[in-house]
Amino acid sequence: MLSNIRIVLVQTYHPGNIGASARAMKTMGLTDLVLVNPRQFPDPEASRLAAGAEDLVEGARVVGSLTEAVSDCVQVVGASARLRSLPLPHFDEPDEMARALVAQASQDPVALVFGRERFGLTNDEIRCCSHQVSIPANPDYGILNLSQAVQVLAHELFTAWRRRPDSGYCPSRPAQERQPSREQLGHFQTHLSRVMQHSGFITQPHARTEDQLEALFARARPNRKELSLLRGLLASLESHLPNA
């Protein structure tokens, strides 16, 4: 679905903005970058500011017109800070745009178009679009850098995609933040019970203390790293017990 979403940059003036936009795209899972008559490209500055997204810069397609860039797209949204008199549907909220574009991208290519750093898209270029979108900002100073605008709207697209039931999105977590298995919890409970008995904390064979502590740790839900710390503490205490 995300592979069907194309980012189009029209006549980008600074090559560094191409690299920074590619970086913004890659962090949000977007990979299709098309450049319309960039002023200076390829350029080392574009690769330098890509900072890990050089593959998107190297794979970017360069075309001669916006019409060519979006010819196969069924929906084209032009990002514009200025309201136009052209009778195009306008998304007042970026999240509305993102949901619509992502839904359409499940079957066909779509595009999100950004204009020049200095004055955006021309009226003729807006006419190549099916919709417009603006980024709500401070009315006294609503100016965003090109790559910032790409980042904001790319994030909206990624959010709309990952919230779909069919996205299959699963955030990666460090191993130590994962919940322990039942086996690991069982080893911990056995270790805790052994230390409590050897230390004399439990003197009755059927005391409810163990059940209460087990319930306590079930509510606390320690992750694997925290459980490892507790096991280390028990091992240290155990080493100082007589006949341990």
> Please walk me through it: do T12 and R39 pass side-chain contact (heavy atoms from CB on, under 4.5 Å)?
Replying inline: CA-CA 6 Å; T12 308; R39 176 180 175 272; over 6 Å; no

>> Between M1 and R164, is the side-chain contact (heavy atoms from CB on, under 4.5 Å) condition met? List the steps.
In response: CA-CA 11 Å; M1 194 178 298; R164 288 174 62 97; 3.6 Å; yes

>> Please evaluate residues E214 and R219 with respect to the criterion salt bridge (Lys or Arg N to Asp or Glu O under 4.0 Å), reporting the C-alpha separation (whole Å), side-chain torsions for both, the decisive distance (0.1 Å), and the verdict.
In response: CA-CA 9 Å; E214 184 173 350; R219 291 194 302 272; over 6 Å; no

> Given the rule in the side-chain contact (heavy atoms from CB on, under 4.5 Å) test, do H191 and R231 qualify, once you have shown the distances and angles that lead to the verdict?
Replying inline: CA-CA 8 Å; H191 196 174; R231 290 292 305 272; 2.8 Å; yes

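The two residues L101 and L112 have their closest heavy-atom pair at CD2-CB, 4.4 Å. Of all the heavy atoms in V70 and C128, the pair that sits closest is CG2-O, 4.4 Å. Closest non-hydrogen pair, L121 versus A79, comes out as CD1-O, 3.9 Å. Counting all heavy atoms, side chain and backbone alike, E93 lies closest to P136 at OE1-CG, 4.1 Å. Scanning all heavy atoms of the two residues, the minimum distance from A22 to A53 falls at O-CB, 3.7 Å. The two residues I135 and P94 make their nearest non-hydrogen contact at CA-CG, 4.3 Å.
Ion pairing between E68 and R61 fails under the 4.0 Å rule for side-chain N and carboxylate O. A salt bridge links D72 with R6: the closest approach of a Lys/Arg side-chain nitrogen to an acidic carboxylate oxygen falls below 4.0 angstrom. Note on K26 versus D55: salt bridge recorded, some NZ/NE/NH1/NH2 to OD/OE distance being below 4.0 Å.
By the 4.5 Å heavy-atom criterion applied to side chains, R99 and R163 are not counted as neighbours. The side-chain heavy atoms of L157 and I5, taken from C-beta on, include a pair separated by under 4.5 Å.
A distance-only check finds a donor-acceptor pair linking the side chain of N4 to the backbone of A105 [under 3.5 Å]. Using modelled atom types, one side-chain atom of S167 and one backbone atom of R162 make a donor-acceptor pair closer than 3.5 Å.
There is no side-chain donor-acceptor pair under 3.5 Å between S130 and Q75. With hydrogens and angles left out, the side-chain atoms of Q197 and S193 include a donor and acceptor closer than 3.5 Å. Of the N and O atoms on the side chains of D124 and T122, not one donor lies less than 3.5 Å from an acceptor on the other residue.
The aromatic rings of F217 and F188 sit perpendicular, their planes meeting at an angle over 60°, well past the 30° parallel limit.
Under the side-chain contact (heavy atoms from CB on, under 4.5 Å) rule, L9 has a single partner from V150, N17, V34, V36, which is V150. Each of L88, V113, V77, D92 was checked for a side-chain contact (heavy atoms from CB on, under 4.5 Å) with Q132, and the lone residue meeting it is L88.
Within a 6.0 Å sphere centred on CD of Q212, other residues, nucleotides and ligands contribute more than 12 heavy atoms.
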